[in-house]
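In this chain, residues are counted from 1 in sequence order. Given the structure is predicted, the values throughout are model-derived calculations rather than measurements.
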Amino acid sequence: MWTFRHFKDHIALNVTLILIALGVLVPAFAAFMNVMSTPSNRWLLLASLPLALAVASFTDSLESLTTKDFKWFIIAATGFLILLFVGNGFTFLLRPSHYLSYGCLFIFMVILSYGYMRSMNGLPFKTMLLALVGLNAIAIGTSFYSTNFNASVAYNEIPTGSATSWAKNFFDGADKFLKKYDKSFYRTSMMSNYDILDTAGNNIPMLLGTHTIESYFSVQNGAVNNFNKQLDNNQQTMNDPTSDANNRTTMLNLLGVKYVFARRDDVALRRSFPYGFKLVRNKQGKMVKFSNRTVYKLENHSSTVLLKNQNALPLAYMQTRQLNSSSYNKLSGNDKEQALLTGAKVDHQVAGVKTTKATSASKPMSYTVKSLSEPITTLAQLIRYRLTKNNDLRVDHLDVNKYSDAQLVKYFAKSAKLGHVSKRVNKLLTENAAMVTKNNAENANGLKKVTSDVAGNHQAYQLEIKNPQRYRNSELYLQIKGIKINQTTTQSKLTQLSNRLTLLDEPTTPALKVTHWRYVLNHPSFGGYLMSMNTSTSTGP
């Protein structure tokens, strides 16, 4: 506020601050500042310099403060608190650490008032100002690192020494065994669920010298990223373009992966491994396993086993043919990786080298779609829903599932306040029934549309392969193409929340409507979506 009040006296500083404010609003600028990679606002660390210069300029000018300056400080502080109140959904429900920061702002205004009325140059004023700077530093520190003020610390921070221990014992010692077991050059990878931490990746395998295909850096070779995008590697990110190649057999073979680190419980649960990968066994034929090495909060809670690939290609090999670009570009990601086994993909055709047509190696499968969800469409279902979900109507000792639909309507309609069904409830049941009928018709010949009921509950679907015995000893891939989403609006989300309360028979008060409005505004979707696919042995987003 001081520098903007005296704009011409601090023109360079003010222009810099304005550019910083505009840069925060533009993701493309964040990507540019992050060496034209993933958008990241780490560059804001540099904003500390102009802000520090502004503070220094203000401090040097304390004795020349005018009444008008002080008035604008009060206006700015009040305006900031109003924006904070509005942006937080008309509440001051903040993290405890935020109260410390805003408390420092209030104390600063009090100290400044004292200095303005008494003396800006006196020892009491300077002492209070120095104390406030110390308090503010403490507030910032506790907001990041104290469990009393920041609940996320328990999840984001680890005890001293844990990181070093984790780095050394990441593979439970399997990496040390492998170096003695196989002296040749090889690449390694991990099963996708080996590391339990939800991160884009890490550089521990590089630290341990296991020659992993994973590369976790802020800046990557663009060709590696393009390769993974062409093959539809759904683990591809800009920071870690290959990751574990989603454990796809052909990709692992192409990249020369000879060994894979896996969890011992994957074997116990009979989870599928990529084709051609066999458990490493000792001379007695027993599986070689490495006991879990305890690292607080970081271990994967399972012993480690090694898988050896029988079909890994060497680091360098020759292709005698080049792929026809036109035919290659029409293939799916899975077919492209198969085509790369028959020829090299080049940007421009090379004279004197035989050209081969890239063909599909996969076969489509017939399947049926069954909805696993059960949107509330009947009176009996609504009675069951209320007696199990409504806290006022629920009877804990009552097992509603042992009653037929007819019995539920006969004996429990009044208990669920459905002796007389309102027009609004009937309307919601009808809309749900129409949604189910329409959705079943749309998915009659394959999964085409995933939808939600009137309360916003997402539907789950089961895809069942026809004649599954025909596809034994084959690899199964689920390909989803042309995804389009209908973006929910603020009003549609509010309507869904209101419909849920109607079905539950819970009151909709003005205060609750404000709470719903606040929740919707604070949880925007930004046009994103998440789909998860599960089988009996695996799951993935």
- Look at the side chain of Asn439 and the backbone N and O of Val450, then say whether any donor-acceptor pair between them is shorter than 3.5 Å. no
- Classify the ring geometry between Tyr181 and Phe177 as parallel (under 30°), tilted (30 to 60°) or perpendicular (over 60°). parallel
- Decide, yes or no, whether a salt bridge links Lys330 with Asp335 under the criterion of side-chain N to carboxylate O below 4.0 Å. no
- Task: Please list, chain by chain and in numerical order, all residues satisfying side chain to side chain contact (heavy atoms under 4.5 Å, CB included) with Ser452, sequence neighbours excluded.
- Result: His458
- Task: Can you run down the salt bridge (Lys or Arg N to Asp or Glu O under 4.0 Å) pairs that involve residues 227-256, sequence neighbours left out, and say none if there aren't any?
- Result: Arg248-Glu337
- Message: Hydrogens and angles aside, do Thr304 and Tyr194 bring a side-chain donor and acceptor to less than 3.5 Å of each other?
- Response: yes
- Query: Looking at Arg263, Arg281, Arg264, which hits side chain to side chain contact (heavy atoms under 4.5 Å, CB included) with Val305?
  - Reply: Arg264
- Message: Just by distance, no angles: are the side chains of Ser192 and Asn247 close enough, under 3.5 Å, to form a donor-acceptor pair?
- Response: yes
- Message: Under a 3.5 Å threshold, yes or no: a donor from one side chain and an acceptor from the other, between Tyr216 and Glu214?
- Response: no
- Message: For Asp172, is there any backbone N or O sitting under 3.5 Å from a side-chain donor or acceptor partner on Asn169?
- Response: no
- Item | With Asp266 via salt bridge (charged side-chain N to carboxylate O under 4.0 Å, His left out) - residues at least two apart | Arg271
- Query: Taking the side chain from Asn233 and the backbone from Thr242, do they hold a donor-acceptor pair closer than 3.5 Å?
  - Reply: yes
- Query: Is there a donor in the side chain of Asn292 and an acceptor in the side chain of Glu299, or the other way round, less than 3.5 Å apart?
  - Reply: yes
- Query: Are any side-chain N or O atoms of Gln381 and backbone N or O atoms of Thr378, one a donor and one an acceptor, separated by less than 3.5 Å?
  - Reply: yes
- Note on the structure: Rounded to the nearest 0.5 Å, the NZ atom of Lys336 sits from the CG atom of Asn329 at a distance of 5.5 Å
- Item | Heavy-atom closest pair, residues Asn202 and Asp195 | ND2-OD2, 3.4 Å
- Message: Enumerate the salt bridge (Lys or Arg N to Asp or Glu O under 4.0 Å) contacts for residues 181-194, please, sequence neighbours excluded, ordered by first and then second residue.
- Response: Asp182-Lys258
- Message: With salt bridge (Lys or Arg N to Asp or Glu O under 4.0 Å) as the rule and sequence neighbours excluded, what pairs involving residues 417-435 come up?
- Response: Lys417-Asp505, Lys427-Glu431
- Mind checking whether Tyr186 and Tyr259 have parallel, tilted or perpendicular rings, split at 30° and 60°? perpendicular
- Does the side-chain contact (heavy atoms from CB on, under 4.5 Å) test come out yes or no for Ser325 and Lys345, once each step is laid out? CA-CA 7 Å; Ser325 296; Lys345 169 65 172 66; 4.2 Å; yes
- Query: Under the 3.5 angstrom rule, does the side chain of Arg500 hit a backbone N or O of Ala455 as a donor-acceptor pair?
  - Reply: yes
- Query: Would you say the side-chain atoms of Thr377 pair up with the backbone N or O of Ala433, donor to acceptor, closer than 3.5 Å?
  - Reply: no
- Query: Any donor-acceptor pair under 3.5 Å linking the side chain of Asn432 with the backbone of Ile376?
  - Reply: yes
- Ser492: which of Thr490, Thr489, Thr488, Thr495 passes side-chain hydrogen bond (donor to acceptor under 3.5 Å, both in side chains): Thr489
- Name all pairs fulfilling the salt bridge (Lys or Arg N to Asp or Glu O under 4.0 Å) condition that reach into residues 355-381, sequence neighbours left out, sorted by first residue then second. none
